[in-house]
Amino acid sequence: MCDDDRTSGPVGRRTLLMTGAAAALTLNGVDFAAADEGGGTARYDGRTAENRRTEPHETGATGATRTITGHLPTGAPDYVYLPVEIPDGVREIAVSYTYDRPATPPGTPGNACDIGIFDARGTDLGGRGFRGWSGGARTEFFLRADDATPGYLPGPLDPGTWHIALGPYTVAPQGLTYEVTITLRYGPPSAPPVPSYPPQRAKGRGRSWYRGDSHLHSVHSDGKRTPAQIASLARAAGLDFITTTEHNTTSSHRAWDGLWGDDLLILTGEEITTRNGHVVAMGTDPGVFIDWRYRARDAVFGRFARRVHRAGGLVVPAHPHATCIGCNWKFGYEEADAVEVWNGPFTLDDEVAVAEWDNALVAHTHGRGRFLPAVGHSDAHRDPDVIGLPQTVVLADDLARDAILTGIRKGHTYLAESAALTLTFTATGPKGEHATIGDRLPVRDSAQVTVRLDVTGAPPGTTIRLLTDQGQRFTAPAAGTTTWHTTPANAAYVRAEVRHPATTAGVPGPMAAMTNPIFLGRRGG
């Protein structure tokens, strides 16, 4: 896929752009200035899609409504665009949609269809036309100059060709029949609101360990909590910072007015939710949108990772081994700044993510690949999801965006299931050399190194594990201070875990806390 990728076409035509797996189809258009023009079909990959308009039905002197019905077969493109001609004088666009859900055989996905909208600036990949996305979380939305449904961006309703975007996430063997109803309301426009974005710094405690949760969802995507509820729960969980990361939209960036304070830093970001995995764009500039309409084999992810970096954020692949459709990470880690190895309550897919990350640490000590720090987030959507389970605890010079992101990028972090659990993890050399989490202790290979782990607030029955590039080397009850001795010749790095008792034979107990590594010796990295 190249930078000038376009999926739009003129009204009354059907166009198709194939971009690897991420095919897009543009259907017949809707023109509110003309009488009903009938429907049409489009062919792609040997299959046929069609849409037709019902008779237009007016809503009065100040509005008009059109309803479109259509059918998509199994194997439909990832994105289907319905052009809508918006005339002058429109003050509100309202859209609703439905689709059928026929029964399917066991093990076969049924119908699921997302929705969003692009304005007259077009549907170019990474372009400026994006105006909102609700995925499958809503069946209707509206946009005005002064307001919009959560997930959507208020602003000018400029005349021209807009596009309603349908995302047939899964399609049943019977195909997917949809109906889209569009209502335009006329009148003088309202004044657009002036966005109020969170400040980049809170009061903080100077150089300290700060607790945060940087994967959260509200009513602005598929969450059920309001920003006010999230801020309250974050404070109750003892967090110092959070990041708002809605699926494929930035509408929440302006939704936190009055909710930040000296005690809570609110960063802005996005969960870029592609068909081949999700990635948290953490701490991007407010209002910066990152596109998601591509697959791994389109070979464009690097372009959007660079856009995250230009916006000041971190690229953090999320729940890389999650089992939900489209959640498994397929893009590789070359552009990543950290990886989310722990997502919500600790489960077997997190166990796999930790093991994969640990293998990457071993490769790094042999000069193959960068050090990729581990982070953990709650991915909380609704009750009973616990905000701050887990949380990333960051050593930063200040409670400020740049300082927090720098601490994460350097691996100066540990993960904990709650603010009640605190770790102090250090390594000391024979001449008083000192290193903490994410650092390197630069001593010779034969030097005697003392590793010290202090644990407070550990739940009853938990144990600590010290792991190196040679695997687990030490275990003990998680209480107070533990010391262990090694040399860089025997341990290229050392990291710590706090585990609950095992619940499944042959599988370690669920994680209660874990650190990033301390690297030992002068070699590698």
Mind checking whether His500 and Glu417 have side chains closer than 4.5 Å, heavy atoms only? yes
Would you say the side-chain atoms of Glu270 pair up with the backbone N or O of Ile290, donor to acceptor, closer than 3.5 Å? yes
Side chain to side chain contact (heavy atoms under 4.5 Å, CB included) partner of Pro488, chosen from Thr365, Leu441, Val443: Val443
Pairing residues for His434 by the side-chain contact (heavy atoms from CB on, under 4.5 Å) criterion, not counting sequence neighbours: Thr426, Thr428
Taking the side chain as C-beta and beyond, is there a heavy-atom pair between His319 and Asn328 under 4.5 Å? no
Establish, yes or no, whether the cationic atom of Arg275 lies under 6.0 Å from the six-membered ring centre of Tyr79 and within 45° of the ring axis. yes
Apply side-chain contact (heavy atoms from CB on, under 4.5 Å) to the pair Phe301 and Arg295, showing each step before the final yes or no. CA-CA 8 Å; Phe301 177 68; Arg295 289 180 180 252; over 6 Å; no
Look only at the side chain of Glu351 and the backbone of Leu348, and say whether a donor-acceptor pair between them is shorter than 3.5 Å. no
Under-4.0 Å salt bridge between Asp291 and Arg303: no
Would you please test Asp358 and Tyr493 for side-chain hydrogen bond (donor to acceptor under 3.5 Å, both in side chains) and show each step? CA-CA 10 Å; Asp358 189 74; Tyr493 66 84; 2.9 Å; yes
Answer yes if the ring centres of Trp292 and Tyr294 are under 6.0 angstrom apart, and no otherwise. no
Applying the salt bridge (Lys or Arg N to Asp or Glu O under 4.0 Å) criterion to Arg205, which one of Asp398, Asp397, Asp240 satisfies it? Asp240
Do the side chains of Arg225 and Asp385 get close enough for a salt bridge, i.e. N-O under 4.0 angstrom? no
Are the side chain of Thr249 and the backbone N or O of His247 linked by a donor-acceptor pair below 3.5 Å? no
Full working for side-chain contact (heavy atoms from CB on, under 4.5 Å) between Trp256 and Ile242: CA-CA 11 Å; Trp256 301 86; Ile242 58 174; 3.9 Å; yes
Please state whether the rings of Tyr197 and His253 are parallel, tilted or perpendicular, taking 30° and 60° as the class boundaries. perpendicular
Distance from Asn516 atom CG to Arg495 atom CZ, nearest 0.5 Å? 9.0 Å
Among pairs that include at least one residue of residues 392-423, which meet ring pair (Phe, Tyr, Trp, His ring centres under 6.0 Å), considering only residues two or more places apart or in two chains? Trp209-Tyr414
Let me confirm one number: the CG-CG distance from Asp114 to Asp78, rounded to the nearest 0.5 Å. 10.5 Å
Taking the six-membered ring for Trp, are Phe519 and His364 ring centroids under 6.0 Å apart? yes
Counting N and O atoms only, with roles assigned by atom type, does the side chain of Tyr152 sit under 3.5 Å from a partner on the main chain of Ile117, one being a donor and the other an acceptor? no
Please table the atom pairs, donor to acceptor, closer than 3.5 Å between any side-chain atom in residues 478-485 and protein atoms at least two apart or in another chain.
residue, atom, partner, partner atom, Å
Thr481, OG1, Asp454, OD1, 2.2
His485, ND1, Thr450, OG1, 3.2

Which of Thr244, Leu216, Asp213, Val219 passes side chain to side chain contact (heavy atoms under 4.5 Å, CB included) with Ile230? Answer is Leu216
